[in-house]
Amino acid sequence: ENRRLKAQLETGDPAARMLFGTSPQAEQLRTRVRAVAPTGAEVLVTGPAGSGVSKVAEVIHLMSPRAQGAFVKRPAAGMTIKAFDALCQDAAGGAVFLDEIPAMADAVQYAVLERLEQGVAARVIAGTTSDLAQLATSGAFNADLFYRLDGMRVRIPSLAERPEDIPVLFRHYVAQAAEQAGIAAPEISQEHLAM
């Protein structure tokens, strides 16, 4: 399994190299990313905290026709419309990732929607760990902006939905930590994987 995964990482597209897991849900995630990436439309990436929302956004960018352009990540909290306009200019020809889009002020949400309708120089990818549909229904998030972003939603399944991916992810992060520490990756026993 490790050899197969290593070969996949070395030879596959960004979805295969950067989005780990062997479960059907992980494969569905990669398939959805591959379908959304070339469209050029705004994207909403959702998933539980720690699921890699920003990583999925980056993979979407890397698989898009704008991959050679900049990928600029910023938190939506505290974002002003002036800052949004500057981000779009900085990432012109690339993509802007707005993390935790529900934290954006109401007035900025309206202005961002207006900018998107007029067309901006960068692709906008928004991310959240919240239920944005519920927030839009309750009036806590701009419904029109939600529907604009939701047309191309990528949902990251939780690990509870795909427990067979936990050993794959664990091995990956152990190997990554060992590489960063400059040591050989340790053997991982079945007992450790079971834990």
Side-chain angles (χ1 to χ4, degrees), residues 1-38 43-79 87 90-91 93-101 103 122-130 153-195:
E1 181 182 351
N2 282 343
R3 283 190 290 274
R4 183 180 64 77
L5 286 172
K6 185 175 180 186
Q8 180 184 20
L9 290 174
E10 291 171 351
T11 61
D13 62 18
R17 289 192 315 271
M18 298 172 70
L19 303 177
F20 303 105
T22 57
S23 68
Q25 294 89 342
E27 189 51 46
Q28 288 169 2
L29 172 62
R30 288 187 288 271
T31 299
R32 180 66 179 158
V33 165
R34 289 178 183 120
V36 164
V43 180
L44 176 63
V45 181
T46 65
S51 63
V53 170
S54 66
K55 179 182 261 189
V56 169
E58 184 175 4
V59 172
I60 290 168
H61 170 67
L62 290 173
M63 297 186 72
S64 78
R66 296 173 171 255
Q68 299 306 312
F71 179 68
V72 182
K73 299 189 281 190
R74 292 290 185 278
M79 177 76 57
L87 279 178
D90 290 347
V96 169
F97 174 64
L98 299 172
D99 197 18
E100 286 306 332
I101 192 81
R123 182 182 199 175
V124 174
I125 304 172
T128 185
T129 58
S130 303
R153 185 191 309 197
V154 175
R155 182 186 157 280
I156 305 169
S158 69
L159 286 178
E161 297 173 64
R162 52 187 184 123
E164 62 268 39
D165 288 340
I166 294 172
V168 175
L169 291 165
F170 182 70
R171 284 186 182 110
H172 166 73
Y173 289 118
V174 166
Q176 187 178 49
E179 182 179 328
Q180 290 171 350
I183 60 173
E187 281 293 319
I188 301 170
S189 69
Q190 286 303 318
E191 293 79 30
H192 280 104
L193 291 177
M195 290 189 320

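Reckoned from all heavy atoms, side chains included, excluding hydrogens, waters and symmetry mates. Numbering starts at 1 and runs along the sequence shown.
Side-chain atoms of Q28 and T31 include no donor-acceptor pair closer than 3.5 Å.
Between E100 and P75, the closest side-chain pair of non-hydrogen atoms is not below 4.5 Å. At a threshold of 4.5 Å between non-hydrogen side-chain atoms, the residues V45 and I60 count as touching. Looking at heavy atoms from C-beta onward, V43 lies out of side-chain contact with V124 at the 4.5 angstrom threshold. Two residues are said to be in side-chain contact when any heavy atoms from C-beta on lie closer than 4.5 Å; K73 and S54 meet this criterion.
Note that CG of L159 and CG of L169 are 6.0 Å apart. Values are rounded to the nearest 0.5 Å. Rounding to the nearest 0.5 Å places CG of D165 at 11.5 Å from CZ of F20. The CE atom of M63 sits 11.0 Å away from atom CE of M18, with the distance rounded to the nearest 0.5 Å. Rounding to the nearest 0.5 angstrom, the gap separating the CZ atom in R171 from the CD1 atom in I188 is 6.0 Å. The distance from atom CD1 of I101 to atom OG1 of T46, rounded to the nearest 0.5 Å, is 13.0 Å. Put simply, CZ on F71 and OG on S64 are 9.5 Å apart, with the number rounded to the nearest 0.5 Å.
When all heavy atoms of G69 and H61 are compared, the pair lying nearest together is O-NE2, 3.1 Å. Shown here for V154 and V33, the closest heavy-atom pair between the two residues is CG1-CG2, 4.0 Å. Taking every heavy atom of both residues into account, A67 and L62 meet most closely at CB-O, 3.3 Å. Summarising the geometry of R162 relative to A26, their closest heavy-atom pair is NH1-CB, 3.9 Å, with the distance given to 0.1 Å. Of all non-hydrogen atoms in T129 and P48, the two that sit nearest each other are CG2-C, 3.9 Å. Listed here is the closest heavy atom pair of A57 and F97: CB-CD1, 3.4 Å.
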message: Show, in sequence, the C-alpha distance, side-chain angles and deciding distance for Q25 and E164, and conclude whether the side-chain contact (heavy atoms from CB on, under 4.5 Å) test is met.
response: CA-CA 10 Å; Q25 294 89 342; E164 62 268 39; 4.0 Å; yes
Residues V56, L19; criterion side-chain contact (heavy atoms from CB on, under 4.5 Å); working and verdict: CA-CA 7 Å; V56 169; L19 303 177; 3.8 Å; yes
message: With side-chain contact (heavy atoms from CB on, under 4.5 Å) as the criterion, how do M79 and L87 come out once you've worked through the C-alpha distance, each side chain's angles and the decisive distance to 0.1 Å?
response: CA-CA 10 Å; M79 177 76 57; L87 279 178; 3.4 Å; yes
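Note on R30 versus E27: salt bridge recorded, some NZ/NE/NH1/NH2 to OD/OE distance being below 4.0 Å. The pair R74-D99 fails the salt-bridge criterion, with no side-chain N (NZ, NE, NH1 or NH2) lying under 4.0 Å from an Asp/Glu carboxylate O.
In this view, E191 and S189 satisfy the side chain to side chain donor-acceptor pair (under 3.5 Å) rule, not counting sequence neighbours.
Remark: side-chain polar atoms of H172 are not paired, donor with acceptor, to backbone N or O of G21 under 3.5 angstrom. The backbone N or O of A95 lies less than 3.5 Å from no partner atom in the side chain of R123, so there is not a single donor-acceptor pair.
Counting heavy atoms of neighbouring residues, nucleotides and ligands inside a 6.0 Å radius, atom CD of E161 exceeds 12 of them.
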